[in-house]
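Order of appearance sets the numbers: ligands from 1, and atoms from 1 within every ligand.
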Amino acid sequence: MPFRNTPDRFGFLARLFHWLIFLLLIGSFTLAWTMHDLPLSLLKLQMYSWHKWVGATVFLVVILRLGWRLTNPVPAAPAGTPGWQRLAAGLSHFLLYAILIVMPLTGWIMSSMKNLPLVYLGVIPIPSPFGKNEQWAEILEEVHETLGLLLLILIGVHVLAALYHHVILRDNVLRRMLPWPARLKSPGTET
Ligand code: HEM
Ligand code: HEM
């Protein structure tokens with residue numbers, strides 16, 4: 001299983017990053033939706049902290065992932081993919097990366113503005129340079145929640161596109177991103 005990307009498949013590290021972020025996001029959304037409705041308790045406060053740690057980890061991983069992407073060839077779209085689909089894939093991947101960077105930043109700054117700053121893993125304080133500001137915290141909270149919704153919609157479209165490739169077009173697009181080393185179909189057998 002190649003470590004780096006090759007012209008026809010994502011390598012081990014690119015796939016590790018992809019599925020690690022997938023798992024982290026499941027954790028982040030599950031915590032976000034649960035913590036909000038809990039009555040004030042130690043568990044609620046802990047869940048807020050866990051949510052912040054998981055989100056900060058998403059940020060770290062996505063920065064590493066982008067660095068790796070920019071220094072690796074990205075597998076090409078299957079031959080014959082229409083231009084608009086290439087454009088849609090490029091745009092949606094760009095937006096996914098952008099939201100995965102901006103969401104943790106808004107969460108981090110918002111938390112500091114609420115005077116509940118991020119202490120990563122309970123050990124490393126990461127104060128924001130913006131200080132306390134309730135009014136701006138409210139605005140950033142709205143932005144954070146709206147981006148969360150947008151992220152979910154984009155992931156939904158992304159998964160449908162992956163299934164469209166796999167089930168309807170029967171090409172290698174999903175296979176080459178699976179977390180395990182799936183055997184690829186040779187070109188020309190996609191029927
Ligand atoms: C990609 C990473 C992240 C995702 C997907 C995410 C997602 C969410 C979502 C969906 C909510 C809304 C919950 C609701 O509907 O009430 C939320 C709330 C929140 N997030 Fe994040 N978040 C991320 C990163 C962070 C980070 C890094 C921090 C702080 C360091 C943070 C701090 C918060 C706080 C404090 C709230 C609660 C706002 C409130 O109700 O007072 N988030 N997050
Ligand atoms: C948390 C949810 C997910 C996020 C944030 C996400 C994000 C991304 C991003 C940013 C890329 C572009 C990779 C690059 O070119 O650098 C990508 C590729 C891909 N993802 Fe996801 N993904 C998620 C979940 C899934 C799921 C559940 C599936 C499968 C059902 C999937 C299937 C794929 C496939 C097949 C590709 C390769 C597309 C290509 O070859 O151009 N993803 N994903």
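- Of all atoms in ligand 2, numbered sequentially from 1 with element shown, those under 4.0 Å from a heavy atom of I155 are 1 (C), 2 (C).
- Some N or O of R69 is nearer than 3.5 Å to an N or O of ligand 2, by distance alone.
- With a heavy-atom cut-off of 4.0 Å, K52 touches ligand 1 through backbone and side chain alike.
- As for H51, its N/O/S atom nearest atom 21 (Fe) of ligand 1 is the one called NE2.
- Nearest protein heavy-atom contact of atom 41 (O) of ligand 1 is K114 NZ, 2.9 Å.
- W19 counts as a contact of ligand 2, since one of its heavy atoms falls under 4.0 Å from the ligand.
- Ligand 2 does not have H165 within reach: every non-hydrogen atom of the residue lies 4.0 Å or more from it.
- With a 4.0 Å cut-off on non-hydrogen atoms, L174 touches ligand 2 through its backbone as well as its side chain.
- Summary of contacts: the protein heavy atom closest to atom 2 (C) of ligand 1 is G55 CA, 3.8 Å.
- Nearest to atom 40 (O) of ligand 1 among the protein's heavy atoms is E141 OE2, 3.4 Å.
- Looking only at heavy atoms of the protein, atom 36 (C) of ligand 1 is closest to M35 CE, 3.7 Å.
- Protein heavy atom closest to atom 13 (C) of ligand 2, with residue, atom name and distance, is Y97 OH, 3.6 Å.
- Residue-ligand proximity, R176 to ligand 2, at heavy-atom distances under 4.0 Å covers atoms 39 (C), 40 (O), 41 (O).
- Of the listed residues (N172, L25, L23), the one carrying the non-hydrogen atom nearest atom 1 (C) of ligand 2 is L25.
- By the criterion of a heavy-atom distance under 4.0 Å, the side chain of F29, and not its backbone, is placed next to ligand 1.
- What sits closest to atom 7 (C) of ligand 2 on the protein, heavy atoms only, is L96 CD1, 3.7 Å.
- Closest protein heavy atom to atom 14 (C) of ligand 1: E145 OE2, 4.0 Å.
- Distance from atom 37 (C) of ligand 2 to its nearest protein heavy atom, with residue and atom name: F10 CE1, 3.7 Å.
- Below 30°, between 30° and 60°, or above 60°: for H158 and H18 the angle between ring planes is between 30° and 60°, a tilted geometry.
- Using modelled atom types, one finds a donor on one side chain and an acceptor on the other under 3.5 Å when comparing T57 with Y120.
- Nearest to atom 27 (C) of ligand 2 by heavy-atom distance, out of L152, V159, V74, is V159.
- The structure places CZ of F94 at 10.5 Å from CD1 of I99, a figure rounded to the nearest 0.5 Å.
- Under a 4.0 Å heavy-atom criterion, H166 is not in contact with ligand 2.
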- Task: Please report the C-alpha distance between R9 and N172 in whole Å, then the side-chain angles of each, then the deciding distance to 0.1 Å, and finally whether the side chain to side chain contact (heavy atoms under 4.5 Å, CB included) criterion is met.
- Result: CA-CA 9 Å; R9 74 187 314 158; N172 281 322; over 6 Å; no

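- Among all non-hydrogen protein atoms, the one lying nearest atom 35 (C) of ligand 1 is S111 OG, 3.8 Å.
- Nearest to atom 3 (C) of ligand 1 among the protein's heavy atoms is S28 OG, 3.5 Å.
- Counting only heavy atoms of the protein, atom 11 (C) of ligand 2 lies nearest to R65 NH2, 3.5 Å.
- Heavy-atom proximity to atom 17 (C) of ligand 2, evaluated over R9, R15, R175, H158, is greatest for H158.
- Given atom 16 (O) of ligand 1, the protein heavy atom at minimum distance is H36 CD2, 3.1 Å.
- Looking only at distances, no side-chain donor or acceptor of S112 sits under 3.5 Å from a matching main-chain atom of I109.
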